[in-house]
Amino acid sequence: MLEGCNDWPSDFIQRYQGAGYWAGKPLHSVLSDQAQQTPNREALIDGPRRWTYAQLEQQAHTLAAGLASLGIVAGQRVLVQLPNIAEFFSVTFALLRLGAIPVFVLPAHRENELLHLAQISDAVAYITVDTWLGFDYRPLARRLRDQVKGIRQIVAVGQAEEFTALQDCLNLSSTAPTLPPSPREVAVLLLSGGTTGLPKLIPRTHDDYLCNARRAAQAAGFDAQTRYLAALPVAHNFPLASPGALGTFSVGGTVVLCPEPSPDTAFELIERERITHTALIPPLVLLWLEAREWDARDLSSLQWLQVGGSRLKAETAARIQPLLGCNLQQVYGMAEGLLCFTPLDANQAEVFQTQGVPLTADDEVRLVDIEDRDVAPGEVGELLVRGPYTIRGYYRAEEHNQRAFSDDGYYRSGDLVRRLASGLLVVEGRIKDVINRGGEKIPVEEIENLLLAHPSIGDVALVGLPDELLGERSCACVLPRVGQTLDLPSINGFLSQQGVASYKLPDRLLLLRHFPQTSLGKINRKALAEQVAAS
Ligand code: OOB
């Protein structure tokens, strides 16, 4: 295995191979197998551009040869910062074919993250786009070139200026190596989704990531008729492989790329391309629901909306079917591995209030207290997990791995989770998503849920503020609904009416137009707390 990665112990390797989780195939077989079996089915749609499986496979093949002629070889890391355009997939499948390892940088990442990722991965190349949504990536490429010695090739989609145009790589005459990468090798490096600090790199092998995509496609009920709208940035694990695009390819369905997830753009594509499935994070669900109140497009093809990434409030969950006309499936996942889905036949309460069950019988989930003892059934504990598609360590992070993994190989998620008698999991918050107000704990999600039922509140985040006396005080950061205004006494009156303990009532109220976000669009609680402290 690539240096700097922790492999599974040999007894686990045998177990996962024996039970069929690891198929012993390269990750790009999701495409090449379909190109063999159903060459003429539609694989990928990007605006007016359309590819069948055979065409996409051919494109990846040609591009692999072009990238090889630039000197990119097996085992090397390549930063890929591409938005939701078809080239994301031709580049990714080309690199996988070469055994080179894409490092998926989100389009929202800037110099700080990019330099950090280039350095820790020792990347030899950077593949990007000229401009996207008003941002020019070429100056970023120049800074990377000037500051990171190891970057030898820069390739850009579109107007490449002094860099290599991706289009030209399709015309370079060369042959790609025919030796397929070992399925036990690292296929891709994903970024950790933490809301604090710089991202860490997550090595996912061909075997484990293929398992991730295939099993997720099963849990989501994907088949050859699936038309999946990739609305979230495809560099992220959720729309990429959980089940996302790779899961769709694995069953011969069609992936439609959505350049950005606004309701305007997405609704038009759902109508035009007869989309059956898509995936969102909760803040976007709120936007889509709000837009739906005056939008009249035909969304009747949409069967399932998957929601994950942060906790979906039950209040919001209940509005999805009436307004969007589709079913909801909650997805609780992490780039480190574990995925949970609400079962397709779950009842309404289960779909609204739980985050589902783990994908496989070999996902070993423990819920533990601060001393790593299993909590009693029904109690909340930190979720620890190991399994056939959960990593045993971050890339080149030996010291951090000591803390982030237990001695027996469990990943410590930092999520506070409860297991119901039915086996369904409920994410109650993060270890630090509790405000400690002079010793009294305020569960952030609980108060947020209650406030979300307030008729004037569009969205809300409760954050802790440092306080001399109490250690922390709470501040409700509220996005009011259009045309509404609010004050603290009325909010606290509303909470008190519902029998909320007075220590849980927000000490402050801050009205905002929008929340600071992480690169995926989750609420960046750290930045929000800083903003509140400064206000
Ligand atoms: C997904 O992956 P990441 O790596 O960006 O973030 C993982 C973290 C989890 O540890 C948890 O804290 C939170 O995001 N999370 C959820 C959640 N799904 C993820 N918290 C509450 N409810 C949920 N449904 O975010 C991700 C990866 C694959 C599929 C879906 C989401």
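We count ligands from 1, going down the list as the structure has it; atoms in each ligand are counted the same way.
- Checking only distances, Val427 never comes within under 3.5 Å of ligand 1, N or O to N or O.
- Judged as a side chain to side chain contact (heavy atoms under 4.5 Å, CB included), and not counting sequence neighbours, the contacts of Ser90 are Gln59, Leu63, Glu87.
- Atom numbering of ligand 1 starts at 1 in the shown order; those under 4.0 Å from a heavy atom of Asn237 are 27 (C), 28 (C).
- Among residue pairs with one or both ends in residues 224-236, those qualifying as salt bridge (charged side-chain N to carboxylate O under 4.0 Å, His left out) are Glu42-Arg227, Arg227-Glu273; sequence neighbours excluded.
- Look at Gln355 and you'll find a heavy atom under 4.0 Å from some atom of ligand 1.
- Defined by atom type and a distance below 3.5 Å, a donor-acceptor pair is missing between the side-chain atoms of Ser262 and Asp264.
- Classified by interplanar angle (parallel below 30°, tilted 30° to 60°, perpendicular above 60°), the ring pair Tyr411/Phe405 is tilted.
- In this structure, His236 counts as a contact residue of ligand 1, since one of its heavy atoms falls inside 4.0 Å of the ligand.
- Under a 4.0 Å N-O distance rule, the pair Glu530/Lys526 qualifies as a salt bridge.
- Atom numbering of ligand 1 starts at 1 in the shown order; those under 4.0 Å from a heavy atom of Leu339 are 28 (C), 29 (C).
- When only interatomic distances are considered, the shortest N/O to N/O separation between Val331 and ligand 1 falls below 3.5 Å.
- Ligand 1 has an N or O atom lying under 3.5 Å from an N or O atom of Asp415, backbone or side chain.
- Taking every heavy atom of Arg311 and a limit of under 4.0 angstrom, the matching atoms of ligand 1 come to 20 (N), 21 (C), 22 (N).
- Nearest-residue assignment for atom 31 (C) of ligand 1 (options Gly244, Gly309, Cys340; heavy-atom criterion): Gly309.
- Side chains of Asn237 and Tyr209: a donor on one and an acceptor on the other come within 3.5 Å.
- The option with the heavy atom closest to atom 19 (C) of ligand 1, from among Gly429, Gly333, Gly308, is Gly333.
- When only modelled atom types and interatomic distance are considered, Asp207 and Tyr16 share no side-chain donor-acceptor pair under 3.5 Å.
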